[in-house]
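Order of appearance sets the numbers: ligands from 1, and atoms from 1 within every ligand. Nothing here was measured: the structure is a model prediction, and the numbers come from that model.
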Amino acid sequence: MSQVIAIVGANIAGASAAEGLRNRGFDGRIVLIGDESWRPYERPPLSKDALRSGEAAAPRYLHDETFYDQQKIELRLGSRVEKIDRSRGVLVMNDGDEVAASQVLLCTGTRARKLSVPGADLDGIHYLRTHDDALQLAKRLSPSARVVIIGMGVIGAEVAASAVGLGCSVTAIEPADVLMERAVGRFAGAWLAQEHIRRGTSLRLQTGVGRFIGHAGRLLAVETSRGERIEADVAVIGVGVVPADELARDAGLRVENGIVIDAAGRSSCPEILAAGDVASQCNFFGEQVRMETYTNAYEQAVAAAATMVGEPAGYSGVPYAWSDQFDVNIQIAGRTRQDADMTVRGDPASGGFSVLYQRAGVLEGIVAINRPRDISGGKRLISQRWGGPAEILADTATDLRKLKQ
Ligand SMILES: Cc1cc2nc3c(=O)[nH]c(=O)nc-3n(C[C@H](O)[C@H](O)[C@H](O)COP(=O)(O)OP(=O)(O)OC[C@H]3O[C@@H](n4cnc5c(N)ncnc54)[C@H](O)[C@@H]3O)c2cc1C
């Protein structure tokens with residue numbers, strides 16, 4: 001049998017891996033299998049432009065329609081892989097069909113974590129992960145809508161900003177005392193909380209959800225953990241995601257909060273690899289982590305493609321992500337540990353500043369708010385494990401892109 005590579009999960013990681021295989025001259029068969037009905041598309045716009053423009057009719061595709069034929073990538077949409085039969089080397093599909101493969105790449109991503117409080121299945125309660133979710137939500141975000149956001153992590157905060165922009169009346173509930181703490185750290189998270197309030201979001205910090213109140217199956221209000229009743233037409237739950245790792249688990253692969261892979265992308269079974277949101281890998285800082293970012297999905301997938309053609313290069317990039325809320329651009333590189341020394345560069349009151357994190361003088365992280373130029377330099381310095389005085393970083397006359405060790 002000529003080489004057959006089956007990729008499960010047809011989105012950012014899956015499509016990038018398929019493209020990467022062809023770019024590296026792989027001339028065997030590539031089968032790209034996805035259970036959504038859309039060909040691979042960008043998720044980041046779903047909480048931003050797609051909601052704001054109110055016309056989420058078609059997703060922003062990664063490639064045009066002809067790409068897959070031209071590249072001889074067999075794209076099977078609306079198809080679900082139910083099982084990996086390792087003993088026979090086949091994938092078993094939901095329609096009973098089987099795909100024999102010499103190597104398998106799992107790019108199955110994540111699913112929205114469901115909230116289990118009373119009333120969580122009422123009509124009017126939404127999650128946002130897929131384009132179909134965005135279509136449903138966009139229909140509900142009319143200017144008169146009263147919207148309650150549950151969880152002000154990245155997705156919740158982006159939806160809140162989009163809904164405010166659409167003229168909705170937005171209340172947001174967040175158990176922590178700052179926003180997006182995991183992604184941006186406490187300083188920028190506190191600044192963002194103020195920014196959301198300034199732009200019109202009514203924010204309840206250190207507050208959870210008690211229950212959803214409805215009538216005839218339809219959402220009427222959200223009752224917070226503090227007993228407050230907030231009238232609502234729409235609630236959007238953004239309380240994180242869970243890895244779609246059941247295929248790997250059933251196949252007996254090592255799974256610990258995602259499919260554990262080595263530096264080359266291989267799972268505990270070398271013929272099965274994983275990439276993207278579902279994969280857990282040792283990162284630049286030597287931490288075993290599962291990242292939930294676009295850049296990681298792309299870069300891990302390209303690295304897995306290299307491994308599958310026998311040219312393992314490894315990947316342990318500096319973590320990077322971005323978010324856009326209102327007209328605020330947020331970019332994050334590295335990590336923002338609480339035990340690190342923090343330096344603020346620029347004036348937060350001006351709306352443009354960066355926060356830099358050093359441990360023992362070594363730069364480990366940067367969060368740039370409306371300062372995109374800081375991020376490319378900052379990311380390079382982190383990758384070089386730059387060490388130096390905080391004063392240099394704080395001085396806005398220093399161009400981080402030109403800074404040397
Ligand atoms: C609303 C939203 C906004 C975002 N914004 C940003 C942003 O601004 N910046 C940023 O860095 N990141 C952002 N992200 C995160 C980024 O989109 C993800 O990191 C990225 O989509 C991960 O790609 P992936 O291919 O690993 O997984 P996914 O995109 O989740 O794709 C996995 C695919 O596999 C399919 N699948 C699962 N199981 C099976 C099976 N058994 N058979 C067949 N198919 C299967 C799934 O249905 C899905 O289509 C955002 C995510 C969302 C949801």
Side-chain angles (χ1 to χ4, degrees), residues 6-18 31-51 56 59-60 62 75-84 91-95 99 104-113 126-134 137-138 153-159 161-162 180 183-184 236 238 240-251 258-259 261 265 274-281 290-302 304 319-325 328-333:
I7 303 174
V8 188
N11 204 41
I12 317 274
S16 305
V31 189
L32 177 57
I33 306 160
D35 59 2
E36 292 186 64
S37 55
W38 311 96
R39 68 177 189 270
Y41 61 88
E42 308 274 6
R43 290 198 199 283
L46 300 183
S47 44
K48 309 176 186 81
D49 321 5
L51 289 184
R60 197 184 302 161
L62 261 62
L75 185 57
R76 292 201 186 186
L77 297 177
S79 292
R80 192 172 167 72
V81 175
E82 294 290 352
K83 185 178 172 327
I84 304 171
L91 300 180
V92 182
M93 314 291 294
N94 56 338
D95 60 3
V99 176
V104 173
L105 176 63
L106 295 174
C107 299
T108 46
T110 57
R111 301 192 179 92
R113 186 189 300 280
H126 293 254
Y127 293 87
L128 180 56
R129 179 73 200 168
T130 65
H131 181 67
D132 291 330
D133 295 338
L137 179 58
V154 180
I155 304 295
E158 289 185 350
V159 174
S162 297
M180 291 172 44
V184 301
V236 183
V241 293
V242 289
D245 55 18
E246 59 280 352
L247 286 176
R249 202 178 287 277
D250 292 349
I259 306 167
I261 56 170
D277 280 16
V278 75
S280 167
Q281 190 176 43
R290 193 176 55 70
M291 290 200 237
E292 296 163 5
T293 65
Y294 188 101
T295 307
N296 175 68
Y298 172 78
E299 290 180 352
Q300 258 179 357
V302 170
Y320 167 79
W322 80 92
S323 173
D324 289 298
Q325 297 163 31
V328 180
N329 172 254
I330 304 155
Q331 296 190 59
I332 309 130

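- Nearest heavy atom pair, residue M180 against residue G153, reads CG-C, 3.5 Å.
- The proximity of I155 to ligand 1, defined as any non-hydrogen pair under 4.0 Å, is limited to the side chain.
- Listed by number with element, the atoms of ligand 1 under 4.0 angstrom from any heavy atom of G276 are 26 (O).
- Counting heavy atoms closer than 4.0 Å to ligand 1, residue A301 contributes nothing at all.
- Contacts of R129 with ligand 1, taken as heavy-atom pairs under 4.0 Å, involve both backbone and side chain.
- To the nearest 0.5 Å, atoms CG (N94) and CG (D35) are separated by 8.5 Å.
- At a heavy-atom distance under 4.0 Å, no atom of E82 approaches ligand 1.
- Counting atoms of ligand 1 from 1 in the listed order, those under 4.0 Å from a heavy atom of T110 are 30 (O).
- In this structure, the side chain of S16 does not engage the main chain of A301 through any donor-acceptor pair within 3.5 Å.
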Could you walk me through whether K83 and L91 pass side-chain contact (heavy atoms from CB on, under 4.5 Å), step by step? CA-CA 6 Å; K83 185 178 172 327; L91 300 180; over 6 Å; no

side-chain contact (heavy atoms from CB on, under 4.5 Å), that's the test. Do L137 and L51 meet it? Break it down for me. CA-CA 8 Å; L137 179 58; L51 289 184; 4.0 Å; yes

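- Remark: L77 CG to R39 CZ distance equals 9.0 Å, nearest 0.5 Å.
- Residue contact check: E36 has heavy atoms under 4.0 Å from atoms 47 (O), 48 (C), 49 (O) of ligand 1.
- Remark: distances from the non-hydrogen atoms of S79 to ligand 1 include one below 4.0 Å.
- Using 4.0 Å as the threshold, K48 has a heavy atom nearer than that to some atom of ligand 1.
- Counting protein heavy atoms only, atom 27 (O) of ligand 1 is closest to G109 CA, 3.4 Å.
- Among all heavy-atom pairs drawn from A183 and I332, the shortest one is O-CG2, 3.4 Å.
- In terms of polar-atom proximity, W322 is counted as a contact of ligand 1, with an N or O under 3.5 Å from an N or O of the ligand.
- A salt bridge is absent between E292 and R43; no separation between the charged side-chain nitrogens and carboxylate oxygens falls under 4.0 Å.
- Among all protein heavy atoms, the one lying closest to atom 36 (N) of ligand 1 is D35 OD1, 3.5 Å.
- Distances from atom 21 (O) of ligand 1 to the heavy atoms of I7, I12, T295, L128 show the closest one on I12.
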Under the side-chain contact (heavy atoms from CB on, under 4.5 Å) rule, what do V104 and V8 come out as? Steps first, then yes or no, please. CA-CA 8 Å; V104 173; V8 188; 4.2 Å; yes

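- Residue P44 touches ligand 1 through backbone and side chain together, judged by heavy-atom distances below 4.0 Å.
- Nearest to atom 38 (N) of ligand 1 among the protein's heavy atoms is T108 CG2, 3.4 Å.
- The protein atom (non-hydrogen) at minimum distance from atom 26 (O) of ligand 1 is D277 N, 2.9 Å.
- From the protein, the heavy atom lying nearest to atom 12 (N) of ligand 1 is Y294 N, 3.4 Å.
- Residue contacts with ligand 1 for Y320 are absent, since no atom lies close enough (heavy atoms, distance under 4.0 Å).
- Any N or O atom pair closer than 3.5 Å counts here, and A13 shares at least one such pair with ligand 1.
- Closest heavy-atom contact between G258 and R290: CA-CD, 3.7 Å.
- Near L247, meaning under 4.0 Å from one of its heavy atoms, ligand 1 places the atoms 41 (N).
- Nearest residue to atom 41 (N) of ligand 1 from L106, T293, V81 is V81 (criterion: closest heavy atom).
- Residues satisfying the side-chain contact (heavy atoms from CB on, under 4.5 Å) test with V302, not counting sequence neighbours, are Y298.
- The protein atom (non-hydrogen) at minimum distance from atom 17 (O) of ligand 1 is R43 CB, 3.3 Å.
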Walk me through it: do R129 and D133 pass the test salt bridge (charged side-chain N to carboxylate O under 4.0 Å, His left out)? CA-CA 6 Å; R129 179 73 200 168; D133 295 338; over 6 Å; no

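- Checking T293 against N296 by side-chain atom types alone, no donor-acceptor pair falls below 3.5 Å.
- Of all atoms in ligand 1, numbered sequentially from 1 with element shown, those under 4.0 Å from a heavy atom of E292 are 15 (C), 19 (O).
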Between M93 and E82, does a side-chain contact (heavy atoms from CB on, under 4.5 Å) hold up when you go through it step by step? CA-CA 5 Å; M93 314 291 294; E82 294 290 352; over 6 Å; no

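- Closest to atom 40 (C) of ligand 1, if we only count protein heavy atoms, is R80 NH1, 3.6 Å.
- With respect to atom 32 (C) of ligand 1, the closest heavy atom belonging to the protein is C107 O, 3.3 Å.
- In plain terms, the two heavy atoms of A297 and I12 that are nearest each other are CB-CG2, 4.1 Å.
- Proximity of V8 to ligand 1, defined as any heavy-atom pair under 4.0 Å, is confined to the side chain (atoms from C-beta onward).
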